[in-house]
Amino acid sequence: MPINIIIFGQLADIAGGSLALENIADTNSLVKELHILYPALATAKYAIAVDKKVVNENTRLTENSIVALLPPFSGG
Amino acid sequence: MPINIIIFGQLADIAGGSLALENIADTNSLVKELHILYPALATAKYAIAVDKKVVNENTRLTENSIVALLPPFSGG
Amino acid sequence: MKERKPKNIFVQGPIAASFIADSIEKHKSKTDIGGHSIFLGQVRADKIGGREVSCIEYTTYEEMALEKMHAIREDIFSKYDLTCMHVYHSLGKVSAGEISLFVFTSSVHRKAAIDACEETVERIKTELPVWGKELFSDETHQWKVNQ
Amino acid sequence: MKERKPKNIFVQGPIAASFIADSIEKHKSKTDIGGHSIFLGQVRADKIGGREVSCIEYTTYEEMALEKMHAIREDIFSKYDLTCMHVYHSLGKVSAGEISLFVFTSSVHRKAAIDACEETVERIKTELPVWGKELFSDETHQWKVNQ
């Protein structure tokens, strides 16, 4: 089952607005896979949100996880 | 020559909006005289301005001095 | 852009929301501004011993107040990197729910505007010779005391 | 009076001065309010290497932003004695000189409104998933970076 990833801001310039990746068990594997697919992401600054919360530690992903790549916020 | 005194806020309820007093050499004498004329002023909290500046020490007055009695400010 | 000449701050009666909107609108052309900070003082219908404040009547020692406001403005401009500052204070009667003080500061980055606005409000409250007479609906009154 | 239910903060395009005036006007009936604090973020025509920002295009992760804003609001209401708080943020294009953020806090005594407004602005800037794309007049762009 694929993991769906939504991508915001300048990161969408690199990888498009969304992605579906197969065989991703957790956020560490996701990052590894993303940096292979999009080398420019490896040098970009971003956070990962799972179910609308920023995660700082490796987090298990399931088909129901809502995963988002968030570049630094610049609202206001 | 009289010294003219302008009176603001709640102090004007006690002593009217203005006063002219003769033979007042300085602010200390002014206060003494005012408290004789208006005993309620003796218990009121107020500052004295001479030429639009609040004075904290005894200040010499002349016929050209602009003297004002200022109760605590409550703007805003 | 810095306006440092003495100017009148007093307006008769309450400060209208439309007046505030006009002031904001005028800053559209100042495209170096990144942040505005606004403080509005509103008259409260305080209840004191069964009576309710229906309006506050403001008076001032105008000449002294404008000199003092000019000095405050100079201090604030020398302390903060402001683009502009506008201050308006009501005189006469302002009913409960209406605005009697409008302080408006603008700067390139937000921090200067925010800090300058707060400091200006504090100084206005403690240093400007302005007095508020709280009028109750039963026609009695008491003099306002600032916190 | 405290409004703690989640609500939308996003508006399409710039925030008009008349909208701000209407918000102020609506507080006339809340006669327990003594002070309002307002912050407005305005788009700057920053000059970067000969190019000038003509507008910022804002996007958001809306579901996450509204949840986060709700959490911020809860925190601020539990920390400060506020009467009310309103927050509006633009999405889409906002030209230089126009308003993209409007934070409005009110309280009985001024200090709560002033402190709550400043803290809310800081938290919005650092915690809300919103992104600004600075568009230059030559049709190039760069992504905004918050200070």
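Chain identifiers are assigned alphabetically (A, B, ...) following the order of the sequence lines, protein sequences preceding nucleic acid strands; residue numbering begins at 1 within each chain. The basis for the numbers below is simple: all heavy atoms, side chains too, and nothing from hydrogens, waters or symmetry mates.
Proximity to chain A is limited to the side chain of D:Glu67, based on heavy atoms less than 4.5 angstrom apart. Looking at D:Ser90, there are no atoms closer than 4.5 Å to chain A (heavy atoms on both sides), in backbone or side chain. Interface remark: D:Tyr61 contributes backbone and side-chain atoms alike to the contact with chain A (heavy atom separation under 4.5 Å).
Remark: D:Lys93 NZ is loosely packed, at most 12 non-hydrogen atoms of other residues, nucleotides or ligands lying under 6.0 Å away.
Of all residues in residues 61-76 of chain A, those placing a non-hydrogen atom less than 4.5 angstrom from a non-hydrogen atom of chain D are A:Ile66, A:Ala68, A:Leu70, A:Pro71, A:Pro72, A:Phe73, A:Ser74, A:Gly75, A:Gly76. Of all residues spanning residues 35-57 of chain D, none has a heavy atom less than 4.5 Å away from chain A's heavy atoms. Residues of residues 104-140 of chain D placed with any heavy atom under 4.5 Å of a heavy atom in chain A are listed by number as D:Lys125, D:Thr126, D:Glu127, D:Leu128, D:Pro129, D:Val130, D:Trp131, D:Gly132. The contact list for residues 11-50 of chain A toward chain D, using heavy atoms and a distance under 4.5 Å, reads A:Asp13, A:Ala49 by residue number.
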In sequence, state the C-alpha distance, the side-chain angles, and the governing distance for D:Gln142 and A:Gln10, and then conclude on side chain to side chain contact (heavy atoms under 4.5 Å, CB included).
CA-CA 9 Å; D:Gln142 75 172 21; A:Gln10 50 270 55; over 6 Å; no

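Summarising the geometry, atom CE belonging to D:Met64 is positioned 11.0 Å from atom CG belonging to A:Asp51; distances are rounded to the nearest 0.5 Å.
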